[in-house]
Amino acid sequence: MEKTFIYSGYIETDLDNVIYILKTFLDASNITDRYAVDIEREVKYRDEKIDIYSYKYSEKGSLFQVELNGTNEEAQSFIDTITEKLREDSIVHQFEWNEVDENEDQVGEEFEIRFPED
């Protein structure tokens, strides 16, 4: 059964590297990179299951937000894949995610992952 999962986090790398990482496991033709007046630069990815939005937050990193529509297994696979890619390059990151209902209210437990671990 498909559910909706929301991920939010921080990746301590620039947007060029975020794009590179996304291209390693997602369809590159669905990635857009543009400059916006209010936030300077943003990266988006969208397909039938995943909607990603990332933008530069500080000199050291980017905020990263995802909405995924899928099964529990797909949600876990997504976070496992992206965190594995980030760890391979020793990139500091932190994500929190949980399932939401149709009103985007949290359902069940919230999960967190960070690297390096405290």
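- Proximity of a side-chain donor or acceptor of Ser62 to a complementary backbone N or O of Thr13 within less than 3.5 Å is detected.
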Stepwise side chain to side chain contact (heavy atoms under 4.5 Å, CB included) check, His93 with Arg87: CA-CA 9 Å; His93 59 276; Arg87 286 172 191 241; 3.8 Å; yes
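- More than 12 heavy atoms of other shown residues, nucleotides or ligands fall within 6.0 angstrom of atom CZ in Phe25.
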Show the numbers, then the answer: is there a salt bridge (charged side-chain N to carboxylate O under 4.0 Å, His left out) between Asp33 and Arg41? CA-CA 7 Å; Asp33 177 13; Arg41 185 175 176 201; 2.8 Å; yes
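- A ring-centre distance under 6.0 Å is not found for Phe64 and Tyr7.
- The two atoms that bring Leu63 and Ser54 nearest to each other are O-OG, 2.8 Å, heavy atoms only.
- Of the candidates Phe5, Phe111, Phe78, Phe111 is the only one forming a ring pair (Phe, Tyr, Trp, His ring centres under 6.0 Å) with Trp97.
- With hydrophobic clusters built from ILVMFWY side chains whose heavy atoms lie under 4.5 angstrom apart, Ile82 does not share a cluster with Tyr10.
- Side-chain N or O atoms of Asp89 include none that pairs as donor or acceptor with a backbone N or O of Ile91 at under 3.5 Å.
- Hydrophobic cluster membership differs between Ile6 and Tyr53, with clusters built from Ile, Leu, Val, Met, Phe, Trp and Tyr side chains linked at under 4.5 angstrom.
- Residue Glu84 holds its CD atom at 9.5 Å from OG of Ser77, rounded to the nearest 0.5 Å.
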So Tyr57 and Tyr55, ring pair (Phe, Tyr, Trp, His ring centres under 6.0 Å) or not? Walk me through it. CA-CA 6 Å; Tyr57 175 69; Tyr55 61 95; 7.4 Å; no
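- Atoms CD1 and CG, on Ile52 and Leu26 in that order, are 5.0 Å from each other to the nearest 0.5 Å.
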For side-chain hydrogen bond (donor to acceptor under 3.5 Å, both in side chains), just list the numbers for Gln76 and Asn72, CA-CA rounded to whole Å, side-chain angles, deciding distance to a tenth of an Å, and then say yes or no. CA-CA 6 Å; Gln76 189 63 51; Asn72 290 337; over 6 Å; no
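- Cluster membership for Leu22 and Ile113, using ILVMFWY side-chain heavy atoms within less than 4.5 angstrom, is shared.
- Put simply, the side chain of Lys23 reaches to within 4.5 Å of the side chain of Ile31, judged on heavy atoms.
- Expressed to the nearest 0.5 Å, how far CD of Glu42 lies from CG of Leu15 amounts to 9.5 Å.
- Residue pairs that meet the side-chain hydrogen bond (donor to acceptor under 3.5 Å, both in side chains) test with at least one member in residues 43-52, sequence neighbours left out, are Glu2-Lys49, Tyr45-Asp47, Arg46-Asp51, Lys49-Glu74.
- The two residues Val107 and Val100 have their closest heavy-atom pair at CG2-C, 3.8 Å.
- Taking the side-chain hydrogen bond (donor to acceptor under 3.5 Å, both in side chains) definition, one finds that Gln94 meets it with Glu112, sequence neighbours left out.
- Residue Arg114 holds its CZ atom at 8.0 Å from CD of Glu96, rounded to the nearest 0.5 Å.
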Test side chain to side chain contact (heavy atoms under 4.5 Å, CB included) on Val66 and Ile50; report intermediate values, then the result. CA-CA 7 Å; Val66 179; Ile50 300 172; 4.0 Å; yes
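- Interatomic distance, Ile79 CD1 to Leu68 CG, rounded to the nearest 0.5 Å: 10.0 Å.
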Chi angles and distances behind the side chain to side chain contact (heavy atoms under 4.5 Å, CB included) call for Glu67, Thr4: CA-CA 7 Å; Glu67 181 176 314; Thr4 300; 3.7 Å; yes
Would you check, one step at a time, whether the test side chain to side chain contact (heavy atoms under 4.5 Å, CB included) holds for Thr83 with Phe95? CA-CA 9 Å; Thr83 56; Phe95 295 105; 3.9 Å; yes
